[in-house]
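First the structure, in the form of structure tokens, and then the observations on it.
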There are 2 protein chains.
Amino acid sequence: MASTDGDRRPKYQRIADTLREAIQAGEYVPGDRLPGENDLMNAHRVARMTARQALGVLQSEGIAESRKGAGVFVRAFRPLRRRGIQRLSQQQWGSGRSIWSADTENRDLVVDQVQVTEEAAPEHIGAVLDLEEEGTVCVRRRRFVLDGKPVLLATSYLPMGIVAGSAITEENTGPGGTYARLADLGFKPVHFREEIRSRMPSKDEARQLGITAGTPVILICRTAFADEGRPVEINEMTLDAASYILEYDFDA
Amino acid sequence: MASTDGDRRPKYQRIADTLREAIQAGEYVPGDRLPGENDLMNAHRVARMTARQALGVLQSEGIAESRKGAGVFVRAFRPLRRRGIQRLSQQQWGSGRSIWSADTENRDLVVDQVQVTEEAAPEHIGAVLDLEEEGTVCVRRRRFVLDGKPVLLATSYLPMGIVAGSAITEENTGPGGTYARLADLGFKPVHFREEIRSRMPSKDEARQLGITAGTPVILICRTAFADEGRPVEINEMTLDAASYILEYDFDA
DNA sequence: GAGTGGTCTAGACCACTAT
DNA sequence: TAGTGGTCTAGACCACTCA
């Protein structure tokens, strides 16, 4: 009998390992309900907090997610593919298409919330955009929803000195979107820089994206440059990491 | 007196919020020790598990990290900048420099472990690389260390049919690295694709990278293509997300 | 050796979900 | 309404760190 085993790892880790292996072996598939706290207490003769800790391990690994009052379930991973470079090529926004449509791959990514305001530039924004004195910025905040689930928050900053009076200050920027309007204004973006990092979400980000424990966010900060290296837009994006794969294609 | 407040948020959340605000207000700076479990029990009149939960919130957010027997400390974030496109331009590896050296920005990023083997190709690798029948791959596994801390695991797969007998199968690939050797062999990489995602680390990844709770990993899968779109290398990288900012610069 | 975080027990009450 | 996860208490012992 191996019941009095000499394993020196914590009980909750052993329980978590058992469940993880069962998931990886296909005994539970995405969407399945895992044994609950009560099940684990009985099966492994442990206290509630210990069973709870075991389930917490899987949640913090992003393998499982709990639904209050219902149970703990195996998570699915079905991401979007976001092509970082092709999506910003001339053909895309030069020909009347909104750049975001390239994201969807026939899935239903739509704008959920839009808010356009004029604000004083945050310090880190003003330091990059060349603002005239009294420089305010046009701030476009949008949330994107995929299949009913929020997956992307985007906040775009543009110098008011450039975009005042244009459709960029409207909720609907018209065919080709913001970049086509910038081109109309003589500030056609010709170069982009995207900076990417990842971390755990703040409470506010988790709320807005409906993120469960164990899921990081990806942050993309894109700067668009017009001729002569003039920065004309900064777009700060927050992505649910479980919903995205980013792709960059380029030549040597 | 506000001691019997009507706040309906969990105690541990309120305690965590208090600490988080103190950190953001600069009362604690990176490296500082936060109040411990005992301190919080006394200060907020709660049980150990509740104080513990509060500290757990900050750790899972990546704001703090615990050191056994020592305390809970505010974390620092001092990332490397990895330039995804410039680093692979001709000048870099065409002129005798190892591409990784562009990563460092005067910081000390060095290879810590190298392992070169010949193996049967994993299924997802063989499906992308054009392997001859009996196709094995040269597998180069490396770990990179920054200031004594591991930050990057890289596993590179190359078709044995191409690289057999070359310096690519040695630990030291010579000036210009793997890509210069591929060029010598007539398979100069001319196009790259990098796919990026992020998730929480597996236990093994966390161990190899020395990752603490609350830190995701970034996964980069790079495919290098020679002429006629022939894939000649797949490099799967696992990055400590707290150590990296990725950058992609490109024209419209 | 004093203090710290890590694990664990055995209870309890609550809000929520599903039926 | 029965079952679920979420929160919380009041203890306990351990391994570890640091002075």
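Keep in mind that the numbers below use all heavy atoms, side chains included, and drop hydrogens, waters and symmetry copies. This structure is a prediction, so every number in the text was calculated from the model and none was measured. Below, chain A is the first sequence line, B the second, and so on; all start at residue 1.
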Apply side-chain hydrogen bond (donor to acceptor under 3.5 Å, both in side chains) to the pair Glu118(A) and Thr169(A), showing each step before the final yes or no. CA-CA 8 Å; Glu118(A) 176 176 354; Thr169(A) 62; over 6 Å; no

Nearest-angstrom distance from the residue atom CZ of Phe73(A) to C1' of dG5(D): 11 Å

Arg14(A) has an atom CZ; how far is it from atom P of dC8(C), in whole Å? 8 Å

Presence of Asn38(B) side-chain N/O under 4.0 Å of dT4(C) phosphate oxygens OP1/OP2: yes

Does the side chain of Ser156(A) come under 3.5 Å of the side chain of Glu233(A) through a donor N or O and an acceptor N or O? yes

Round to a whole Å and report the spacing from CG of Leu58(B) to C1' of dG5(C). 15 Å

Output the rounded distance in Å from CG (Leu55(A)) to P (dT7(D)). 14 Å

Below the 4.0 Å mark, does dG5(C) have OP1 or OP2 next to a side-chain nitrogen or oxygen of Arg52(B)? no

Quick check on DNA chain C: between Pro35(B) and Arg45(A), whose nearest nucleotide comes earlier from the 5' end? Pro35(B)

Starting from C1' on dG6(C), measure out to CD on Gln59(B) and report it in whole angstrom. 11 Å

On the nucleotide dC14(D), are OP1 or OP2 found under 4.0 Å from the side-chain N or O atoms that Lys68(B) carries? no

Starting the side chain at C-beta, find the nucleotide from dA12(C), dA10(D), dC16(C) nearest to Met49(B). dA10(D)

At under 4.0 Å, does any side-chain N or O of Arg48(A) touch on OP1 or OP2 of dC8(D)? no

Without swapping roles, check the side chain of Ser60(B) against the backbone of Gly214(B) for a donor-acceptor pair under 3.5 Å. no

Please state whether the rings of Tyr248(B) and Tyr248(A) are parallel, tilted or perpendicular, taking 30° and 60° as the class boundaries. parallel

Is the distance from OP1 or OP2 of dT4(C) to the nearest side-chain N or O of Ser66(B) less than 4.0 Å? no

Lys11(B) atom NZ is separated from dC13(C) atom P, nearest whole Å, by 15 Å

Of dT4(C), dA10(C), dG6(D), the nucleotide closest to the side chain of Glu37(A) is dG6(D)

Looking only at side-chain N and O atoms, does Arg67(B) come under 4.0 Å of OP1 or OP2 in dT4(C)? no

Protein-nucleotide distance (Met41(B), atom CE; dA12(D), atom P), rounded to Å: 12 Å

Is the distance from OP1 or OP2 of dC8(D) to the nearest side-chain N or O of Tyr12(B) less than 4.0 Å? no

Asp17(A) bridged to Arg14(A) by N-O distance under 4.0 Å: no

Is the phosphate of dT7(C) approached by Thr50(A) (side-chain N or O, under 4.0 Å from OP1 or OP2)? no

note: Leu34(B), atom CG; dT4(C), atom P; distance rounded to Å ~ 13 Å

